[in-house]
Amino acid sequence: MDFDLNEELQAIQHAAREFAEKEVAPTVDKDDREHRFRKDLVQKMGELGFFGCVIPEEYEGTNSGFVSLVVITEELARIHSSLRVAMNMQIGPARTIVEYGNEEQKKRFVPKIVTAEWISCFAITEPDAGSDVAAMRTRATLEGDHYVLNGSKTWISNAQVADVALVYAYTDPEKKHRGISAFMVDMHQPGVSSKPLAEKLGANASPTGELFFDNCKVPKENLIGKEGEGFKICMAELNHTRLSCGAGAVGVARACREASVSYANQRVQFGQKIGEFQMIQDMIAQMVVQEDAARLLLYRAGTLKDQGRPNNLETSIAKYYAGEVVAYSSDCALKIYGAYGYSKEYPVERYFRDSRSYQIVEGSANIQKLIIAQDALGYRKANR
Ligand code: GRA
């Protein structure tokens with residue numbers, strides 16, 4: 001067992017950190033305040049190969065692996081949590097096509113998504129289908145050489161800026177979850193429209209919207225995998241995006257810890273640095289331990305993925321724990337900063353707002369606990 005990042009991973013970490021600190025940090029507050037989606041930065045991430053980390057070289061990837069995905073996402077989220085969403089929106093569909101698409105689909109879609117020539121997204125959630133994926137109602141009906149898509153999706157990251165979307169819909173509702181299928185949809189074609197959602201608490205620079213499909217004709221060649229494989233494909237996709245989501249949480253937790261340490265060493269009250277008070281030390285110690293533990297869990301899940309071994313359980317454990325850690329760390333950072341943490345003058349309030357998403361997205365904390373507990377109790381194996 002080796003706990004050090006190898007030379008390649010260290011170089012990737014360095015490149016991601018440099019990009020985040022030099023190109024993201026200067027405008028992060030403005031981007032957050034103005035709810036600005038930075039397509040230019042996403043395209044730069046494409047140029048730097050960030051979206052190619054779990055994609056083979058023949059489709060413009062770098063194939064550096066899932067641990068590198070964790071490393072890159074952490075560095076991005078440490079500076080701006082909103083930007084780590086782009087990792088999932090590009091990599092989720094691209095990796096899914098690599099795993100389940102045919103050769104023609106891989107060639108047609110993957111390189112353009114990996115280089116961010118196309119902004120992409122994936123669409124699972126509906127007004128009445130959040131945690132309960134199989135409750136979705138969007139329908140795809142085969143008519144000749146195309147499927148006709150009808151329905152709507154909500155809480156879709158990138159809905160209003162995406163060029164392509166991986167959309168999950170029922171081809172045969174009678175078969176319940178075995179009747180769901182996956183499609184690549186051109187977002188600029190007739191029958192597709194989008195609408196931004198109301199303002200969110202955080203992740204302001206990551207657009208979130210609704211998608212509407214009104215007799216939208218999707219060519220038969222855009223079906224990913226076979227009809228009825230959609231639920232399985234969706235679970236496999238989420239199993240990857242949960243890893244990156246957890247890495248985002250660790251990035252924000254690290255930002256909270258770094259900011260807290262720095263402030264605790266500056267702020268003087270009662271004649272001493274507040275870092276010298278044990279109650280502050282208690283919070284700092286817990287932030288350090290939890291951040292470390294969450295990162296190691298993510299590295300473990302990423303390593304299993306890189307080894308091609310089952311990892312649903314380990315990914316859920318890592319994603320769940322990272323979400324708890326960032327909630328705790330951002331809470332502590334706010335307490336340590338006191339009134340300044342409550343002020344928009346300092347980044348801590350943004351960390352706090354952004355932190356809250358991690359217990360919700362990519363399978364809520366409760367869904368991860370359900371997967372973990374049912375596996376432990378022997379009711380439903382997570383790694384299958
Ligand atoms: O036996 P079978 O052939 O019927 O198959 C069952 C099972 O073996 C069937 O699906 C199979 N299956 C899987 N196959 C491969 C289940 N899980 C997996 C898997 N991981 N891999 C039905 O299984 P089931 O367990 O009876 O299904 P269920 O109870 O309906 O659902 C299970 C569960 C609750 C875990 C699932 O629905 C789930 O994960 N829900 C959470 C949904 C979620 O994570 N949504 C996230 C939306 S996207 C998002 O948040 C984007 C945010 C963007 C960002 O910020 O990153």
Side-chain angles (χ1 to χ4, degrees), residues 69 73 76-77 80-93 95-96 99-100 120-136 153-159 162 165-168 170 175-180 182 197 200-209 211 225-226 228-249 251-252 301 305 310-317 319-320 322-323 326 354-375 379-384:
L69 169 63
T73 313
L76 293 169
H80 199 179
S81 183
S82 279
L83 213 57
R84 74 95 203 142
V85 182
M87 291 295 280
N88 274 353
M89 291 307 116
Q90 301 300 116
I91 293 173
R95 175 73 191 193
T96 303
E99 286 183 13
Y100 293 94
S120 84
C121 72
F122 57 91
I124 308 166
T125 305
E126 298 185 4
D128 295 320
S131 294
D132 186 2
V133 172
M136 70 173 63
K153 299 281 174 183
T154 192
W155 285 108
I156 306 306
S157 301
N158 279 0
L166 174 58
V167 178
Y168 294 90
Y170 269 106
K175 291 190 181 153
K176 298 285 163 71
H177 63 266
R178 288 184 193 159
I180 295 175
L197 281 171
K200 310 187 292 284
L201 175 67
N204 289 338
S206 160
T208 314
L211 283 180
K226 296 195 189 78
E229 279 187 339
F231 193 88
K232 188 179 79 180
I233 295 175
C234 180
M235 290 302 127
E237 179 181 14
L238 287 171
N239 184 41
H240 293 328
T241 51
R242 281 170 187 165
L243 183 80
S244 172
C245 186
V252 178
K305 286 177 195 287
N311 59 78
N312 287 327
L313 176 64
E314 292 78 6
T315 303
S316 279
I317 291 173
K319 196 272 171 185
Y320 164 70
V326 73
D354 287 346
S355 74
R356 268 36 217 177
S357 69
Y358 291 101
Q359 287 168 321
I360 301 169
V361 295
E362 304 285 357
S364 66
N366 282 348
I367 287 295
Q368 307 312 325
K369 284 194 283 186
L370 174 149
I371 293 169
I372 298 161
Q374 294 195 348
D375 182 86
Y379 300 161
R380 189 164 57 172
K381 223 173 151 27
N383 288 340
R384 47 189 135 185

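All ligand and atom numbering here is 1-based and tracks the order in the structure.
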Exercise for review: Would you indicate which of Lys176, Arg384, Met89 comes nearest to atom 13 (C) of ligand 1 when only heavy atoms are counted?
Suggested key: Arg384

Practice item. Please could you name the atoms of ligand 1 that Ser157 approaches to less than 4.0 Å, counting only its heavy atoms? Key: 53 (C)

Exercise for review: Check each heavy atom of Lys381 against ligand 1 and say whether those closer than 4.0 Å belong to the side chain, the backbone, both or neither.
Suggested key: neither

Check your understanding: Hey, is Thr125 touching ligand 1 through its side chain, its backbone, both or neither, going by heavy atoms under 4.0 Å?
Key -> side chain

Review point. Does any N or O in the side chain of Lys153 come within less than 3.5 Å of the main-chain N or O of Phe122, such that one atom is a donor and the other an acceptor?
Key: no

Point to revise | Shortest protein contact, atom 26 (O) of ligand 1 (heavy atom only) | key: Arg380 NH1, 3.4 Å

Exercise for review: Ignoring hydrogens, just give me the one of Thr241, Ile360, Ile371, Thr73 whose non-hydrogen atom is nearest atom 35 (C) of ligand 1.
Suggested key: Ile371

Check your understanding: Is there side-chain contact between Tyr320 and Ile371, with heavy atoms separated by less than 4.5 Å?
Key -> no

Review point. Can Leu238 be said to touch ligand 1, with heavy atoms closer than 4.0 Å?
Key: yes

Point to revise | Top protein contact for atom 44 (O) of ligand 1, by heavy-atom distance | key: Arg242 NH2, 2.7 Å

Exercise for review: Examine Gly363 against ligand 1 and note whether any of their N/O atoms are separated by less than 3.5 Å.
Suggested key: yes

Check your understanding: Looking only at heavy atoms of Asn312, does any of them come nearer than 4.0 Å to an atom of ligand 1?
Key -> yes

Check your understanding: So how far is it from Gln368 CD to Lys319 NZ, rounded to the nearest 0.5 Å?
Key -> 5.0 Å

**Study point:** Protein contact of atom 42 (C) of ligand 1 - nearest heavy atom, named by residue and atom, plus distance
**Key:** Val133 CG2, 3.5 Å

Check your understanding: N/O of His177 under 3.5 Å from N/O of ligand 1, yes or no?
Key -> yes

Practice item. Kindly give the heavy-atom pair with the smallest separation between Ala162 and Cys121, and that separation in Å. Key: CB-SG, 3.8 Å

Review point. Nearest 0.5 Å, what's the CD-CG distance between Glu237 and Asn239?
Key: 10.5 Å

Exercise for review: Could you tell me if any non-hydrogen atom of Ala236 lies under 4.0 Å from any atom of ligand 1?
Suggested key: no

Revision key, fill the gap. Closest non-hydrogen contact found for Leu197 with Thr154 is CD2-OG1, 3.7 Å

Review point. For atom 19 (C) of ligand 1, what's the nearest protein heavy atom and its distance?
Key: Met235 CB, 3.4 Å

Point to revise | For atom 48 (S) of ligand 1, closest protein heavy-atom neighbour | key: Phe122 CE1, 3.7 Å

Exercise for review: Give the minimum heavy-atom separation between Val133 and Cys234, together with the two atoms involved.
Suggested key: CG1-SG, 4.2 Å

Exercise for review: Starting from the C-alpha separation in whole Å, work towards a yes-or-no answer on side chain to side chain contact (heavy atoms under 4.5 Å, CB included) for Val361 and Cys245.
Suggested key: CA-CA 8 Å; Val361 295; Cys245 186; 3.5 Å; yes

Exercise for review: Kindly state if atom 33 (C) of ligand 1 has a protein heavy atom within a strict 4.0 Å cut-off, that is, under 4.0 Å?
Suggested key: no

Check your understanding: Starting from atom 3 (O) of ligand 1, which protein heavy atom do you reach first, and at what distance in Å?
Key -> Arg178 NH2, 3.1 Å

Study note, to complete from the structure: If you scan protein heavy atoms around atom 56 (O) of ligand 1, the nearest is Glu362 OE2, 2.5 Å

Check your understanding: Can you tell me if Ser131 has a non-hydrogen atom under 4.0 Å from ligand 1?
Key -> yes

**Study point:** Minimum heavy-atom distance Tyr358-Ser81, with the two atoms named
**Key:** OH-OG, 2.7 Å

Revision key, fill the gap. Ligand 1 atoms nearer than 4.0 angstrom to some heavy atom of Arg84 are 54 (C), 55 (O), 56 (O)

Exercise for review: Verify the distance criterion only: is there a donor paired with an acceptor across the side chains of Ser244 and Thr73 at less than 3.5 Å?
Suggested key: yes

Review point. Has the side chain of Gln90 got a donor or acceptor atom that lies under 3.5 Å from a matching backbone atom of Ser120?
Key: yes

Review point. Minimum heavy-atom separation for Pro93 to Leu166, with atom names?
Key: CA-CD2, 4.0 Å

Exercise for review: Please report the shortest heavy-atom distance between Asp375 and Asn383, naming the atom on each side.
Suggested key: OD1-N, 4.3 Å

Practice item. Distance to 0.1 Å, residue and atom name: give those for the protein heavy atom nearest to atom 27 (O) of ligand 1. Key: Phe231 CZ, 3.7 Å

